Amino acid sequence: MTKPLIFMALLAAAGGLHAQTSAPAAPAMGAAEAYDASRLPDDPYGRLVRYGKELTDRTFAYIGPEVKNEKMRFSGNNLACASCHQASATKKFAIPWVGAHATFPQYRAREDEVSTLQERVNGCMERSMAGKVLPLDSREMKAFITYMHFLSKDVPVGAKVEGQGLPPFKAPDRRADTVAGNTVYQEKCASCHGAEGAGVRAGAPGSATGYTFPPLWGKDSFNNGAGMSRLLFASSFIKTNMPLGTQHGQPQLSDEQAYDVAAFVLSKPRPVKAHTERDFPARWNKPVDAPFPPYVDGAQADQHKFGPFGPLQENMKSLKASLTKATVK
């Protein structure tokens with residue numbers, strides 16, 4: 001059986017095609033106190049959960065590029081996991097980890113394989129953190145996984161939590177306008193992230209104290225292989241969570257503003273991940289806003305980075321159908 005058919009079989013087996021079986025009801029995310037790790041007993045599990053939360057909030061202080069122990073410098077930038085996974089990865093529609101432990105192992109298009117949660121963590125280490133993988137037997141990896149287990153303790157295996165990930169984003173039917181995005185950025189974002197996107201450090205460079213407000217581009221930001229480097233993904237995150245304090249359903253930016261300001265941010269230089277051509281090896285399931293080659297639909301690289309995305313999405317639907325037919329024996 002070829003990989004596209006294996007993928008469809010895996011989805012069907014997991015209820016992912018929603019065909020003959022009914023999926024578990026989506027549980028709601030709990031109140032903030034449900035994720036209060038300080039209430040856990042002072043035992044091995046409780047201590048590891050608390051360390052996992054600390055790693056999430058202050059990644060730079062334990063495995064960042066400025067920590068004194070050079071062997072612990074796994075992250076390539078001074079961001080924290082919570083720079084994207086807000087509120088210690090418990091905020092609704094801010095890519096929370098609530099329920100994540102219940103959804104792995106899962107098929108991942110980026111690898112065209114079934115991946116473990118540990119592999120997913122290391123994907124972030126190499127991309128959003130622009131660094132290198134954590135050893136699977138390290139205390140830090142165990143802490144991340146145990147913290148995710150704690151956040152998922154009431155979620156049935158296979159259930160999707162309401163508020164997981166990001167909400168769908170309907171992009172304007174045009175190329176993103178980086179000039180308009182610059183205007184939005186200076187009006188809505190620069191007061192925190194700086195006019196040049198460098199963020200605001202919490203301490204002196206070299207002190208391993210990270211940022212009060214993270215940089216959005218430059219050498220201390222996420223690299224071009226990160227999910228946040230994709231325009232549709234970034235637009236959804238910005239629309240739902242920015243400026244700081246924005247909540248789902250109460251946006252401060254319009255779709256147009258979020259789309260343009262995301263494009264402006266992503267037009268700026270950032271670290272480059274090696275071997276992105278190995279990502280999405282099946283090709284037919286590569287996101288149309290992945291900003292790196294190879295591209296299989298004949299469109300120009302600029303369109304994959306800045307849109308318009310509607311024609312690309314339609315092309316990929318046709319490509320998926322043709323590739324699937326070609327693999328049937």
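Note that the structure is a prediction, hence the values are computed from the model and not measured. The chain is numbered in sequence order, starting from 1.
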Would you give the length of the straight line joining atom [atom1] of [X] to atom [atom2] of [Y], rounded to the nearest 0.5 angstrom?
X      : Y      : atom1 : atom2 : answer
Phe280 : Lys286 : CZ    : NZ    : 7.5 Å
Leu117 : Thr103 : CG    : OG1   : 7.0 Å
His149 : Leu48  : NE2   : CG    : 11.5 Å
Asp177 : Thr183 : CG    : OG1   : 8.5 Å
Ser152 : Gln164 : OG    : CD    : 8.0 Å
Lys305 : Arg230 : NZ    : CZ    : 14.5 Å

For residues [X] and [Y], is any side-chain donor paired with an opposing acceptor at under 3.5 Å?
X      : Y      : value
Asn224 : Ser229 : no
Lys219 : Asn77  : no
Asn122 : Glu126 : no
Glu54  : Tyr62  : yes
Tyr185 : His193 : no
Ser88  : Thr90  : no
Ser115 : Arg120 : no
His304 : Asp297 : yes

With a 4.5 Å limit on heavy-atom distance, are the side chains of [X] and [Y] in contact?
X      : Y      : result
Cys192 : Val200 : no
Phe169 : Leu231 : no
Thr178 : Phe306 : yes
Cys189 : Met242 : no

Are [X] and [Y] close enough for a salt bridge, meaning some N to O gap below 4.0 Å?
X      : Y      : result
Arg201 : Asp220 : yes
Asp36  : Arg39  : yes
Lys239 : Asp255 : yes
Arg175 : Asp260 : no
Glu119 : Arg110 : no
Lys92  : Glu162 : yes
Asp43  : Arg47  : no

Treating [X] as the side-chain partner and [Y] as the backbone partner, does any N or O pair qualify as donor plus acceptor under 3.5 Å?
X      : Y      : result
Ser221 : Arg270 : no
Ser138 : Pro135 : yes
Ser75  : Phe60  : no
Trp217 : Glu196 : yes
Arg127 : Gly225 : yes
Arg50  : Ala37  : yes
Glu314 : Pro311 : no
Thr240 : Phe237 : no
Arg73  : Val67  : yes

Looking only at heavy atoms, what is the nearest atom pair of [X] and [Y], with distance?
X      : Y      : result
Ala202 : Thr209 : CB-O, 3.4 Å
Ser236 : Leu166 : OG-CB, 3.5 Å
Ala143 : Tyr51  : CB-CD2, 3.6 Å
Phe264 : Gly181 : CB-C, 3.7 Å
Gly163 : Pro96  : O-CG, 3.3 Å
Pro214 : Leu79  : CB-CD2, 3.6 Å

Is there a path of hydrophobic side-chain contacts, each under 4.5 Å between heavy atoms, that joins [X] and [Y]?
X      : Y      : value
Tyr259 : Phe93  : no
Tyr211 : Phe74  : no
Val272 : Tyr295 : no
Leu266 : Val288 : yes
Met148 : Tyr45  : yes

Checklist entry - Is the Trp97 ring parallel, tilted or perpendicular to the His85 ring (thresholds 30°, 60°)? => result tilted
Item to check | Steps toward side chain to side chain contact (heavy atoms under 4.5 Å, CB included) verdict (Asn285, Tyr107) | outcome: CA-CA 12 Å; Asn285 54 11; Tyr107 173 83; 2.9 Å; yes
Item to check | Atom CG of Leu40: over 12 foreign heavy atoms under 6.0 Å | outcome: yes
Checklist entry - If you count the non-hydrogen atoms of other residues, nucleotides and ligands that lie under 6.0 Å from CD in Gln300, is the total more than 12? => result no
Item to check | side chain to side chain contact (heavy atoms under 4.5 Å, CB included) between Gln257 and Gln252, worked out | outcome: CA-CA 10 Å; Gln257 289 175 311; Gln252 298 187 46; over 6 Å; no
Checklist entry - Where do Asp112 and Arg278 land on the salt bridge (charged side-chain N to carboxylate O under 4.0 Å, His left out) test, with the steps shown first? => result CA-CA 10 Å; Asp112 194 31; Arg278 299 175 185 173; over 6 Å; no
Item to check | Full working for side chain to side chain contact (heavy atoms under 4.5 Å, CB included) between Phe150 and His101 | outcome: CA-CA 9 Å; Phe150 168 69; His101 199 279; over 6 Å; no
Next on the checklist: Set out, in order, the CA-CA distance, both residues' side-chain angles and the distance that settles side chain to side chain contact (heavy atoms under 4.5 Å, CB included) for Met316 and Gln313, then state yes or no.
Outcome noted: CA-CA 5 Å; Met316 288 303 289; Gln313 290 166 331; 5.8 Å; no
Next on the checklist: If we check side-chain contact (heavy atoms from CB on, under 4.5 Å) with Leu134, which of these qualifies: Met129, Glu140, Lys142?
Outcome noted: Glu140
